[in-house]
Amino acid sequence: MVLVAQEGSPPAGGAEFGQIVVALLMFFAVFLPLALFVIRERAGKKTLIGRVADWMGEVGGLPRWAALPMVTAGASGVAALIGVYWDVPIHMELGRDEGPLANPSHFPIYFGLLGIFASGVLSAGLAKGKLPARTFRIGPHWRVPMGAVFMMATGLVGVAGFPLDDVWHRLFGQDVTEWGPTHVLMIGGGVCVVLGIMLLRAEARQVGANGLAIRLQGPVLAGAWMMGASTFLMEFDLGVPQFPMLSQVVLVAMIGAWTLVYARMSWGPGGTLIAIGLFLASRLLFSIVPFLDDLHLATPLPYLAEAVVIEVVALVIGTRKDWRYGVVAGLGVGTLGMLGEYLFSQWLMPNPWPAHELPLFLVFGTLAGVGGALVGVWQYQRVEQIATRPAEDGPAEGTPAARLRARHLGGLVGALLVVGTAAAVVVPQDPPPGLAADVRLTESAQGREISNPHGGGEPRWVHATVTLSDPALGDEAIWLNGFAWQGGDFYTDPLIRTGDGVYRTAEPLPVYGEWKAGIRIHVANRVLALAPIYAPDDPAANAPEIAAESGSREFLSEIEFLQRERKSDTPAVLWTVGYLGVGFIFAAMWVLFAWLYTAAAAGTSESSRRLSKLF
């Protein structure tokens, strides 16, 4: 057992200064040798890394600036994701930790993100010999592939998430959710490196990389992108989602359509199956450490229905009419694909998709599916333009407006659909005023098995009979569960209806030690609320005990209970600045993604800098 039981109340703010110093030392231990390598390599001197890169390039048929960096970026990304799939269950079962270095899962995440950034630096340092026609100029005699730039950028965003996370904790309190703002930076920066690898591969093809292995990388990288992007679904996979179920539907449709359309177009028949094969194999890999640590395992939706739909659409209408193929494939993903995922959810998801919400799910799934498919088509088009463009560019054909419509309008529409549907469903809504539950607790003679007991306390298990103040909400609920976490395990079970607006817990709930227990309700379309039953006194978070006793309990916004460590006295202006700052960094990464792909594919000369020439 790797996990260490923690007694007492861990800090609810930033890390201790000593841990920050150690993290900085680890950073410099990686990047000082890397900086020396870059200096020597750019000075024309032989380096061990350069020799390894040359050898890997000969074996793999890739240029030196692609072969080694693609491998190191892939390995680093896998290491980071192993850490993420280990970290989230730890927080579900044990709560917050003593600091970034007290949690063993943080080490593969941190070094994985460092490795991703280092991979971009490696590619830039190795950029000699035959380079793509369009490169990014760092200095008068130093040009680097566009893929290297994006790999550095995503790695930097991910690494920056660590110090920003500590600042966030100091200002706003701890946040143990996967979708915490700075956590989104770390995860998003880490997984988006796949998009940089895809771009680097396209640039390598432009300078002569070819063969079956290079071609196979197309659907394999699509599967890697599915693997990375699906990380944001982990809380749904584990059964502790803190965002509306509609956001799961939108993400599943968007990710499935984007990645599988790209896989099918880049490989041909069967491309979607290659991508899904890698995705499912990776999820088995990410389950090994949590399984050995006796933690909850994240069970994903498999995207199989979407794969079948996309393969059939490709066979019926072909993929040569790219935008038409994207629209039809997206429509299929949003309808038949979501119906398939509904069926899989009944088997795989801790919170199955309810049948009475299917019409709404299909509407939003279709919007997100079409959007994701159009983005996938746009990305594939840019990759092929990059890979097949001549070394010397002629004059661009047509007016800038015509080139914009032909090359980018579909992708822009897709991006707007994805952003719009996500923005419409992601933010949870507070419960209606006056919503409450009369909770009657009865002692249970038996408890439940606890995987990682910690926190002490005299064991006490109770059943709860819950009478809702608005009986209709129970019948309309997307989920209505008895819930307990952070006392050494995690439980979520649907309540059993015993009368009009009256429900009973299916399994007893722990109400002692470090456990936090309550009744969760999710009402369409975005209301997420919780009636607390028990929580311990938490002086570090300035959160008083909630005693486990019968009586009326008002439903709170879930975030007030699930994130008890959040500071309530932080000025609103700081919250606004914090969210805007994190949002700006994340948005800038996506703008850079679009610009680098467009610039690398543009039919312009190296010296041209006019924006209109990008189209």
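Side chains included, hydrogens not; waters and symmetry mates left out as well; all remaining heavy atoms used.
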Quiz prompt | F361/Y342 aromatic ring centres below 6.0 Å | solution = no

Quiz item: Does F483 have its ring centroid less than 6.0 Å away from the ring centroid of Y491?
Solution: no

Quiz prompt | Partner of D237 by side-chain hydrogen bond (donor to acceptor under 3.5 Å, both in side chains), out of R283, H296, Q248 | solution = R283

Practice problem: Inspect the contact between E443 and R460 and indicate whether a charged nitrogen and a carboxylate oxygen are less than 4.0 angstrom apart. | Solution: yes

Self-check item: D430/R526 ion pair, N-O < 4.0 Å
Solution: no

I need the [X] [atom1] to [Y] [atom2] distance, nearest 0.5 Å.
X	Y	atom1	atom2	value
I521	L435	CD1	CG	6.5 Å
L297	F286	CG	CZ	13.5 Å
M589	L185	CE	CG	8.0 Å
D493	R448	CG	CZ	4.5 Å
F291	L284	CZ	CG	12.0 Å

Quiz item: Is it the case that N452 and D294 place a side-chain donor and acceptor less than 3.5 Å from each other?
Solution: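 Result is no, nothing qualifies.
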
Exercise. Answer yes or no: does atom CD of E554 have more than 12 heavy-atom neighbours from other residues, nucleotides or ligands under 6.0 Å?
Key: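 Atom CD in E554 is not crowded, with 12 or fewer foreign heavy atoms closer than 6.0 Å.
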
Quiz prompt | Non-hydrogen atoms of T498 and Y503 that approach each other most closely | solution =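 Here T498 and Y503 meet closest at OG1-N, 4.0 Å.
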
Output a table of donor-acceptor pairs, distance under 3.5 Å, between side-chain atoms of residues 471-480 and any protein atom two or more places apart or on a different chain; print 'none' if there are none.
residue, atom, partner, partner atom, Å
D475, OD1, R497, NE, 3.3

Do [X] and [Y] come close enough that some side-chain heavy atom pair is under 4.5 Å?
X	Y	answer
P536	W515	no
P181	Y579	yes
N525	V425	no
L495	N481	no

Quiz item: Checking side chain to side chain contact (heavy atoms under 4.5 Å, CB included) for the pair I546/I533: CA distance, chi angles, key distance, verdict?
Solution: CA-CA 7 Å; I546 298 174; I533 290 178; over 6 Å; no

Quiz item: Between R440 (side chain) and T465 (backbone), is there a donor-acceptor pair under 3.5 Å?
Solution: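 Not a single qualifying donor-acceptor pair exists.
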
Self-check item: side chain to side chain contact (heavy atoms under 4.5 Å, CB included) between I288 and L285, worked out
Solution: CA-CA 6 Å; I288 292 175; L285 172 65; 4.1 Å; yes

Quiz prompt | Residue from I450, V240, L94 passing side-chain contact (heavy atoms from CB on, under 4.5 Å) with F490 | solution =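 When I450, V240, L94 are each tested with F490, the side-chain contact (heavy atoms from CB on, under 4.5 Å) holds only for V240.
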
